[in-house]
Each structure stands twice: as C-alpha cells, then as structure tokens.
**Q** 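My questions all concern the structure below.
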2 protein chains.
Amino acid sequence: MNNQDEQRLEECYCPAQKALSILGGKWTLSIIRELSSGTKRFGQLQKSLKGISPKTLSARLQELEKQAIVTKEIYLEVPPRVEYSLTTKGESLKKILLDLVKWGTENLRSED
Amino acid sequence: MNNQDEQRLEECYCPAQKALSILGGKWTLSIIRELSSGTKRFGQLQKSLKGISPKTLSARLQELEKQAIVTKEIYLEVPPRVEYSLTTKGESLKKILLDLVKWGTENLRSED
DNA sequence: CGGTATCCTGGCTGATACTG
DNA sequence: CAGTATCAGCCAGGATACCG
C-alpha cells in the first residue's frame, strides 16, 4: 500500500462506515445473493430466505432501493406482482463482496 | 465478472457475513483507523475515540484480538502499560476497506 | 400477493463506579 | 493505567394480525 492510499485511509472512513451499516443488516447479504441470480418477487425472496419476516424483508428492500442497489418493478395485475432485481450499482457490489469472502475465508476463525 | 466468480458468489457468503459482523461494530472501523497510524495504548485509544466507553473499547479490542487483527502487548510496569497494534492480517484489511471507501464514495447517497 | 401495523425481545452500547 | 462490574436505554429484528 502506497502513501496516497495510507492518507486516504486515515481521513475518509465515513463512506465505508455507511456501506458497512447498509451491508451489515442481518439479511442484506442474503438478499443480494438471491437477486444476483436474477429477478425475484417478494414472495419468492421470503420463501428462499427462510425465517425472514415480511417486515424485515420490506425494510431491507426499501433501504437497498433507496441506495439504488435494487430496483422494484410493479405490475398492475390481480393478484399484484412486484419484482426486485439488482441494478448496475448493485452488480458493482459483487466485486467488493467477493473480496470480502476471500479475505474472510483466508483470515477469519470459523469457530465461535 | 466471470462465471467462476459468479459461482463463488452464489455459494459462499458466510465468511463475508462474518467479516461484516466484525467490521460492522459501531467503533471497529475507527479503532482500526487509529491503529493503522501506529501502536497505541488503551488510554490513547479511549481519548482519540471521543465518546467510546471503556467497556465497549475493551470488547471490540478483544474481538479484534481473537481474530488476530490486532495484537496486545503487556508491559509489566507500574503503572501498567498495554499497547495495541495491527497485525499483518489487520494490515491486509486496509485494502478491503479502501475498496469499500471507494465504492461507498461513488455509490452511496450521503443524505439520510 | 405484497406488503403495513403492532407489540415484544435480545444484544449492543452508554454511563458510571470500582479494582489490581 | 487498564480494564471489569453493574445498571439502564435504544433499536434491529421476530411474531403475528391485518389490509388493498
């Protein structure tokens, strides 16, 4: 790591903090993973993510949508149909997440 | 992103989840930032991180030490002196964090 | 089907006092 | 100085019921 990087590391952690606060939600990573394999409906997500409550799923999706990581498509049908998918910005997250997977795998104790 | 990466993304998010749970602590990033500029004592950290309680600082340091991200050096003196510093593993985190800073800066809404 | 409203709980954190 | 002990508060998340 060069001095330029070192400098930036010292001064600007806020965006990283915010990114962590968003990605750190209990189900956020799982939601992104589900959507990374393609568009899914609310019910499909709820079914895949066994154990998540509709309230939490809704909250996380709204947060991800606000950050433009996920888009929501509403079809005016009966019964209603709503589809969620990753945006380009969401796709750009994958690289970071893969780095995190790699680092975690190499460096974290799996116990406890 | 190639197919190999995509595959890994689908299957192994657990380490990323764990990494996020560790890094996501309210003060964790700040502690790492403080230590990235060099070895510091408990009191120094407490003073730099204005507002952190000794209980929380102790808890986060113990967690980081358990993951070997931080090392603790105890000097048997009166008054006691204890120094904390980043390990090589801790240093290796900087790259990930810089990527996170970069991604967050480019992609996250700063409002709300 | 796709949510929202309500109530409730556990865990992280803060404040503060105390100890080796 | 470097923590631990204790008590209290907040908030993400869980369970469940209900609505357009």
Side-chain angles (χ1 to χ4, degrees), chain A residues 13 17-35 38-67 69-86 112, chain B residues 13-14 16-35 38-67 69-86 112:
Chain A
Y13 257 6
Q17 187 85 60
K18 183 156 184 58
L20 286 173
S21 78
I22 291 169
L23 299 175
K26 180 173 176 183
W27 295 94
T28 312
L29 231 47
S30 303
I31 291 173
I32 293 174
R33 183 189 54 217
E34 287 299 320
L35 293 182
T39 295
K40 289 214 168 53
R41 301 172 61 166
F42 189 91
Q44 285 182 290
L45 288 171
Q46 194 173 9
K47 195 177 169 188
S48 304
L49 307 169
K50 302 185 210 310
I52 194 173
S53 70
K55 172 187 167 183
T56 300
L57 178 55
S58 175
R60 293 287 71 77
L61 285 172
Q62 282 183 24
E63 185 177 37
L64 291 173
E65 197 192 352
K66 188 164 72 177
Q67 294 297 337
I69 290 169
V70 158
T71 45
K72 178 180 182 175
E73 189 92 16
I74 304 177
Y75 297 86
L76 297 175
E77 306 172 356
V78 180
R81 182 162 62 101
V82 179
E83 295 186 341
Y84 293 90
S85 46
L86 285 188
D112 46 53
Chain B
Y13 258 4
C14 312
Q17 186 85 61
K18 185 159 183 56
L20 286 174
S21 78
I22 292 169
L23 298 176
K26 180 173 175 181
W27 294 95
T28 312
L29 230 49
S30 302
I31 291 172
I32 293 174
R33 182 189 55 217
E34 286 299 319
L35 293 181
T39 295
K40 290 213 168 56
R41 301 173 61 166
F42 189 90
Q44 285 182 289
L45 288 171
Q46 195 172 8
K47 194 177 169 189
S48 304
L49 308 170
K50 303 185 209 311
I52 195 172
S53 70
K55 174 186 167 185
T56 299
L57 177 55
S58 175
R60 294 286 73 79
L61 284 172
Q62 282 182 25
E63 184 178 38
L64 291 173
E65 197 192 352
K66 188 163 72 176
Q67 295 297 338
I69 291 169
V70 157
T71 44
K72 177 180 181 175
E73 189 92 14
I74 304 177
Y75 296 87
L76 298 175
E77 306 172 355
V78 180
R81 180 161 62 102
V82 180
E83 294 186 342
Y84 294 91
S85 46
L86 285 188
D112 49 51

**Q** Side-chain N or O of A:Q62 versus OP1/OP2 of C:dT4: is the shortest distance under 4.0 Å?
**A** yes
**Q** If you assign each of A:P80 and A:G24 to its closest nucleotide in DNA chain D, which residue comes earlier from the 5' end?
**A** A:G24
**Q** Calculate the interatomic distance between B:L23 atom CG and C:dC12 atom P; express it in whole Å.
**A** 15 Å
**Q** Think A:K72 has a side-chain N or O under 4.0 angstrom from the OP1 or OP2 of C:dG3?
**A** yes
**Q** Specify the separation, in whole Å, of atom CD of A:Q46 and atom C1' of C:dT4.
**A** 13 Å
**Q** Do B:Q67 and B:K18 have side chains that get closer than 4.5 Å, going by heavy atoms?
**A** yes
**Q** What integer distance in Å separates B:Q44:CD from D:dG3:P?
**A** 13 Å
**Q** Given A:I32 and A:L23, is the side-chain contact (heavy atoms from CB on, under 4.5 Å) satisfied, shown in steps?
**A** CA-CA 9 Å; A:I32 293 174; A:L23 299 175; 4.0 Å; yes
**Q** What is the distance, to the nearest angstrom, from the NZ atom on B:K47 to the P atom on D:dC1?
**A** 10 Å
**Q** With a cut-off of less than 4.0 Å, is there a side-chain N or O of A:R60 near OP1 or OP2 of D:dA12?
**A** no
**Q** Hey, mind stepping through A:L20 and B:T28 against side-chain contact (heavy atoms from CB on, under 4.5 Å) and telling me if it holds?
**A** CA-CA 11 Å; A:L20 286 173; B:T28 312; over 6 Å; no
**Q** Out of D:dA2, C:dG3, D:dT4, which nucleotide sits closest to the side chain of B:V82?
**A** D:dA2
**Q** Distance check: side-chain N/O of A:R41 vs OP1/OP2 of C:dG2, anything under 4.0 Å?
**A** yes
**Q** Between B:W27 and B:L57, is any pair of side-chain heavy atoms under 4.5 Å apart?
**A** no
**Q** Less than 4.5 Å apart, side chain to side chain, heavy atoms only: is that true for B:E63 and B:R60?
**A** yes
**Q** So, OP1 or OP2 of D:dG3: does either fall under 4.0 Å of a side-chain N or O from B:S58?
**A** no
**Q** What about A:K55: does its side chain form a donor-acceptor pair under 3.5 Å with the base of D:dG14?
**A** yes
**Q** Starting at atom CG of A:L76, determine the distance to atom C1' of C:dG2, rounded to an integer number of angstrom.
**A** 13 Å
**Q** Any side-chain N or O of A:W27 under 4.0 Å from OP1/OP2 of D:dG14?
**A** yes
**Q** When all nucleic acid strands are considered with a 4.0 Å heavy-atom cut-off, which category describes A:E63: base, sugar-phosphate, or nothing?
**A** nothing
**Q** How many whole angstroms separate atom CG of B:L61 from atom C1' of D:dC1?
**A** 14 Å
**Q** Report which part of the nucleic acid B:E83 touches: base, sugar-phosphate, or nothing (heavy-atom distance under 4.0 Å, all strands).
**A** nothing
**Q** Show your working on side-chain contact (heavy atoms from CB on, under 4.5 Å) between A:L35 and A:L64 and close with a plain yes or no.
**A** CA-CA 12 Å; A:L35 293 182; A:L64 291 173; 5.8 Å; no
**Q** Just to confirm, is there a sub-4.0 Å distance from OP1 or OP2 of C:dT13 to any side-chain nitrogen or oxygen of B:T56?
**A** no
**Q** Atom CD of A:E77 to atom C1' of C:dG2: distance rounded to whole Å?
**A** 13 Å
**Q** Between A:I31 (CD1) and D:dG13 (C1'), how many Å, whole number?
**A** 12 Å
**Q** Report yes if at least one side-chain N or O of A:Y84 is closer than 4.0 Å to OP1 or OP2 of C:dC1; otherwise report no.
**A** no
